[in-house]
Each structure stands twice: as structure tokens, then as C-alpha cells.
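Structure record follows, encoded as C-alpha cells.
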Amino acid sequence: MTGTILGAPDISRALTRIAHEILERNEGHESLVLLGIPTRGVPLAHRLAERIAQVEPAFDAKARTGSIDITMYRDDLRSQPTRSIGSTMLPEFGIDDATVVLVDDVFHTGRTIRAALDAIKDEGRPRAVQLAVLVDRGHRELPIRADFVGKNIPTSRSERVDVRLAETDGDDAVILSGGRA
Amino acid sequence: MKHLLGTRDLSREDAIRILDTTAQMSATQEREIRKLPTLRGRTVVNLFFEDSTRTRISFEAAAKRLSADVINFSAKGSSLSKGESLKDTALTLQAMGADAVVIRHWASGAAQRLADSGWMHGAVLNAGDGTHEHPTQALLDAFTARRHLVSDSEGKGLDGLTVAIVGDILHSRVAGSNVALLKTLGANVVVVAPPTLLPFGMAQREDISVYYTLDDALEAHDLDAIMMLRVQRERMTGGGSGFFPSPEEYTRLFGLDRARMDRMPDHAIIMHPGPMNRGLEISAEAADSPRSVIVEQVSNGVAVRMAALYLLLSGEEAPQ
Amino acid sequence: MSETATDALVIVNASLYGDTASDIVVVDGVITSLERADAPAGARTLDASGLVALPGLVDIHVHLREPGREDAETIETGSRSAAKGGFVAVHAMANTTPTADTAGVVEQVASRGAEVGLVDVFPVGAVTVGLEGKQLSEMGAMANSRAKVRVFSDDGKCVHDPVLMRRALEYVKTFDGVIAQHSQDPRLTEGSQMHEGYVSAELGLAGWPAVAEESIIARDVLLAEHVGSRLHVCHLSTAGSVDIIRWAKAKGIDVTAEVMPHHLLLTDESVRGYDPRFKVNPPLRTQSDVDAVRAGLADGTIDIVATDHAPHPDEDKDCEWAAAAMGMIGLETAVGIVQKTMVDTGALTWRDVARVMSTTPARIGRDENHGRPLEVGEPANITLINPEAPWTVEPSATASRSNNSPFGGIELPGRAVATFLRGRPTHIDVSLEGAFA
């Protein structure tokens, strides 16, 4: 199975649904902070925040969204070429006692999220951390699960899942490639 | 990047990458928990053949904030009393499993010698070699200038800015590294020094403007930044070998005081690598003025060294 | 074997001075004929087809380090290296420990050289006691000793005091001696590490300006003229120095000058890697200096090539540039470099090479039995060169005890393949073993 798994309308619907789920689960928006994991988690966090603001006009989407870079917390730095460090931009009031929703594009081994949890721990002490992902492709290597999932896509390890977003890549799509029959 | 030996062989791309990484490192230093786990389990050796408490603690802080293990190795010795040889020291460090060596040495070229010799495999970071290079100082100067003078600075150089370097260019490794890096980053470089303290051929270079008094330089250029170099007192006199007649004359011709400071545009910043001789190359009024970024240079020094260590040590290990 | 047979040799079909093909018959250390037919029965034969025969080479400037630094070189290892490089005589500089500033030391060096017997070792006497530039050493005693010293030098240090230099120039007239000056103004070169120029500025190494050499040479030629003495200028290295010597010779001043193979080939660009094998005094200069010394050697302004063979143990080079010793070994690479830079470029003929590496150095050093023509009745000091034997220099493969050659990995077009000192082979290259019966 190779090709486009999700198109732009699918992605849009999934994000709208996740936005509603976040509000439902947290019984409102008062303590919410959305932190995207660079690169594509960041625009996804902004899109979710906008959708939350549509439902709850009192939610200040701009002020409550940020990014958290996990490069310096990775456990595979020594087995990869040197990575550039992305930016960490937290809300002005910090994340202490907030409900942080981490946002990423593809949920795979769980190692990125593990690193993100460590990074968050060094930035402050949120009341709770939740995880929202656009695609869950399985193959977890750590006991970590997502709270909000746009689409579960069963894959083999040899396959690649690429997420394209208008902000970074010019269009919206989720593409599966490279699998062997 | 395998080593950081100098700025002369640093590409614009690598230099900007270091500055961008420095910006991220600098951001982590403003939060409550400043320590990062990035270099856990790696060993950084500070190998100092020459005393420099400032530089050593800056590197030490940088390595520790990235969770590296730090070993300080002070190998005293001069050209006259050699002490332990560089080779034996390097073999020792290799045996101890040093992943990176930060070397400060009185001999020009010592860092390159260590990197090229095959005596050890780790990354070599030049923390000042003789009168040759001091790349992290130049990078922190460039970072400080970029932060103050370039908006939306990520990914950018110092293009079009005019930066003056004033003082003992001949013996200053800081000047050596700064001239090269500023040119690489696109700045206009103005050098101000007595002719006795200029390196061979610099006055003839067409890509640098050279002046023999500070007033002439201020007359000719609207400076965006000025770097005052420390005057080494032992260079001043000493029989027929003095490079200038007296400290008073030096201050008259090259010192930065209130009047000269006021001739610079309002946005211009004042830098000094420290430690300063107040009243000699810079007046207290200039050093303590709002346009002075001298204290900030020190904190940026830690961030730039964190960036250098990160870029040298975090990547794939080269096969040995 | 009879005694006659042992002492007779015939070199067949050599190219004398690189032009006429001829044989050389040697009996009892003397050239007796240039026709193989005249060889006595039982003479050993060496087929020298394709080889250039020159009068045995003379190096007026080497450091053999004995006594004192036998860890770097000994008279024996240095002599072997010299023979391998085609030399039959060397002048051993005085900067040993103890300094060669007394008759006792120079006699010791000379007799050790004779005992080894591979080259004639002529000790150079120090001009001043302990090379300290303060008081003249007893040059008369050294001249009248069994070592018969004629060349005096404080090499390694400059006889800087103008009065002392004047006295030295005058004094050696007594025994037809010569002062070989290491031309380096000490004040202008304090702490110097390499040639002062664009490269030194970039590398942050303290400069050794050309003017520090040129100002001393200018002063010395004027002194030599004033007192009517002869002067020899060691290791000339700059374009300006060539101009001064040219001017002095035009004026009739009795001055001779030498250039080193490394100054004919290498420039300060080699220093960029901070590899101390390229650290030498005077330092490697610029390409225009290299061009000028080549031109000066070609037109006779520079009289001779000498090696300044300066062995140092590995630990003195395996270190930071500033901590490293100055000097390079060069006896075995000299012929190849002169061929590469001067002969193959058309600047010198092999006959000229005989002049600059044998005849004239022997005349400057007053080595009466060296530098003689390849003619009947002359001593059989002969060097055979294979000009078509490219080889790659491997510093650890030299006969010298030290390895500090800057030429490692460089390909040279030819080399000395056989050396005869008074008819006796002191070096036979492996390539000739089959040809020597």
C-alpha cells in the first residue's frame, strides 16, 4: 500500500475532531497550553489552537501556543549526523500548573515523546501533559500512548510515513511509501 | 565539523550555524533549570598550557551545562622550561578517553598540531594558541554584535555592518580570529593601531581599512560596533623594543573616551574581550555606558562554547 | 688476491661531468688513466653506463653533533650519510658540546673522522669562545693543530659585534683562514619562528625578517673590503642578499656565498601545517626568494651549495612549532634537489654542479686534495650520479641517525649511486651491486 493516505480535507476534519476532544477531556480551555514539537508539530499546534478558539472565543490561541525543541534530549545523538537545534518558544506565563498538550505529526517509537517529556520537565512543572498526534503508525518502543489521534495507520517497519503541511511543504497530505509486499 | 581550530578556515555556512545554535543555547540559559542532558557520558578535557581562568571557567560551565564530564588539566610549561610534552599529554588524554580537548597554549599552532598529529582521536577545540587564533572569542563577539545590530537574526551574517578593532592587532589572537570571521560574515572591517602593532602586510590589504589613530577612523566611518583590545603592559616599553612610547600617548591616540564615544552613531555598541585596563584603552565612562555590551559578552561566551561543544560532539562518532 | 688487484679499479663508460663518455682507471687511490685498456690485471670493474662522474662532492657546512649530541648524530653515522649522498669531504660545524673552540676538540673530531674513514672530516673552529660572541677563540692554535683548521664559524649564532667581526676577519689572514658568517641580526630576530611575511602574519608566528640577514651581510662585505680579508656567507636565503653579494663581487670584494638545497626548493608556504620538520634557520623564504637564489647560483653570484645538514632526534621535532629545534638533515637529498631545481631546469650543467658542489667548496675550505679535476694524476675522489633514477624520499631510510628531513614523500629525479674516497668505495648503491665486479 503506497500513496496518499490522508488528503487536505481528511487532515482538516481530524484536527477539528481533536480540538473538540481536547476541550471535552479538559472540561474547558482555562489552563490549556499547546506545544508543538519542531518541525511539523509546530504548525499543527497552531491549527489546533485556532480551532479551539473558534469553539471557545475566549481562548487566546496565539498566547497559549508554543514550541518545544527536543534535539538536546534525544537518546540517539551519537548515532545520527549532527542535528540543528530547533527553537523553544513557551507562553510568556510559562507552563507551571498548565495542562500541556504536546503536538506532533507522526507517533512512532515514542522516543521523541520521551525526549519531549524530559524537555518539559526542565522548563517547568505542568499539572498534566497530554499528547496529540496526527498519525499513529505503531511500533512503540516505550510505554507511551497518545491521548488524541487523528488517524491510526498500520504500517510495516520498512515503510515511511511523510506528513506534508501547507506551512512547511506547500500542501497538506499524509503519504505512505517504501513498503515491501 | 571535526575540530574548531580557527575562524580562517570556517565557512560562512558553518559560522552561521554556530551562531544560530548559540542563540538556542542562550535561550536555555535563561530558564530555571539550565542543565541539558545532551552530552551525558562524554568527557571534555580542558587542557591549559597557559593560565586563563576566565576562558577555562567559561568552557567548564559550557560543558557542565551540557552534562559532559569535565576534567581540568593544567600543564604548565613555557618555551624555556618545556615540562611535559604536548605529545605525551595527548597520549594520556587519549588513554583517558577524552571525547573533546579544549586546548589553550602559548605556542601558535598547538591546537592544529594536536588535531593533525594522530596522537589522539577526539575533537580539538582551540581556546587560544599563541598569537594565532581564539575562535570562540570571535564567535561570541560576532554573536553579540548580531544580536544587537541585526533584526530577525537567525540565519544571517553581519552583512554591511562596519566594525572597528582597535589596539594590538599584531599580538592579538582575538583580533586575528575576529578579522577573519567578520570578513566571512560580510562586515566591513576597520583596523586601528599604531604601525608597530600591525601584522605584516595588513596595511596593504584592500579588503580592510587601516587607520593609525582612532580619530581618523571615527572621522571616516559610521561605526556599528567597536572592539577595544587589551593593551599588554609588557609590550609598551622595555629598552628599544617598546611598541609605543608611553601609556599616555597610547591613550591619547587610541583610547576610547566619552568624546570619541559620542562621535559614534547612537546604535553603536562597545565591546572588549576583557580583562580591561580602565583608563588606558578604555575610559570607565565608556566601559560602563549603556552602549557597552562587555558584560553580556561574557554570558554569550558560555552559550557559544555550548554550541561549539554540541556541534563537535553530538554527531555520529567517526570510526576510529 | 694480490695487493695490486685490491687497490685497482676501473670505472667503465662513465659520463665525465655529464658530457664526454670515458673510463677512469684508479690505482692506489690515484687516477692513472682514462682508458680501460690501461687497467692492471685483476682490477675491479664498475659499469657506469648512464652515470655522471663528478669530482667527489665537498660539503662545507654540516653538523655532525659529536661530541655532545650523539643521540642526534655521530661522526660515524654522519659520515655514512655523507658518503651515501655522494660526499667525500665535509666541514663539521663548531657548535658541539664542548664547543670546537680549542685545538684539543678539533683534533678529536678530525681523528675520529679519520678513524671512521668514510669521508674526510674537516672540523670548523669557533670564532669566539663558546660561540658567545665575546672573545676570540684561539684560532691560531686550531689552524696549527693536526686538524689544520681553515674555516672558522660561530654558525648557529652570528658574530654580531662589528669590532669582533673585524678582528676575526683580520686575524685569520695569518693562516689563510676564512670566517664563515651566520648572518642574523640577533635583535631583529628575537623569538623569531619563521620568515616574516604574509604567512607568518596568518600563522601568528614571530617573524624573521629578510633584513636581519641582509643588514649583516652588507656590513660584513664592507668590513671585508676595509680590512682586505676574505669572507664566506653561510646559508644565504633572500633575494636582497643575492643583490648585496652581486654588488660586492662587482666591487672586487673577496666574498663567497653558499645556498642550501632547502632554500632552492621550499617556501614559507610549507609552514602552514605547523609541522616542525620545516623549521630551519634561516627560515624558508618566499617563492621570489627561491627564484632569486636559483638565479644567483646559476650566474655565479652564489658560489656553492652546502647542506647545513642539521640532525635532531624525533622528540625535538615531535612537538609544538615554537618548542621545536631548528634544522633539517640534507646530505642524502642534496644531489637530487640540485638536479631537480638547477640541472633539469637548464640553469646549471653537470660541470657547473662539479664547480658548486666540489671545486669551489674545496677551494673555500682550502681542502687541497679535494675538488680536483677528473684527470690523470689526480686523487681518485669520485662521485657517480644516476640522473635518471627517480626516487621518493623516505626520511627514516637515511643513514643519518635522525629523521628530520622536510623532503619526505617528495620525488627526486636522481641521486648519488657510488662514492670513492681516494679510490676506495665508501658507498655503492644497491642498484649497482650487479655492475660492480
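Sequence lines set the chain letters: A, B, ... in the order given, protein chains first and strands last, and positions in each chain run from 1. None of the values given here were measured: they were computed from a predicted structure.
- Residue B:His105 touches chain C through its side chain alone, counting heavy-atom pairs closer than 4.5 Å.
- With chain C as the partner, the residue from B:Gly109, B:Pro199, B:Ala110, B:Ala180 showing the most heavy-atom pairs under 4.5 Å is B:Gly109.
- If you look at C:His61 and C:His63, their ring centroids are closer than 6.0 Å.
- The local environment of CD in C:Gln287 is crowded, with over 12 non-hydrogen atoms from other residues, nucleotides or ligands closer than 6.0 Å.
- Across B:Ser108 and C:Trp321, no two heavy atoms sit closer than the pair O-CB, 4.5 Å.
- When ring centroids are compared, C:His195 and B:Phe200 stay outside the 6.0 Å threshold.
- C:Glu202 touches chain B through backbone and side chain together, each having a heavy atom under 4.5 Å away.
- Between chain C and the residues B:Glu133, B:Arg173, B:Lys87, the largest count of heavy-atom pairs under 4.5 Å involves B:Lys87.
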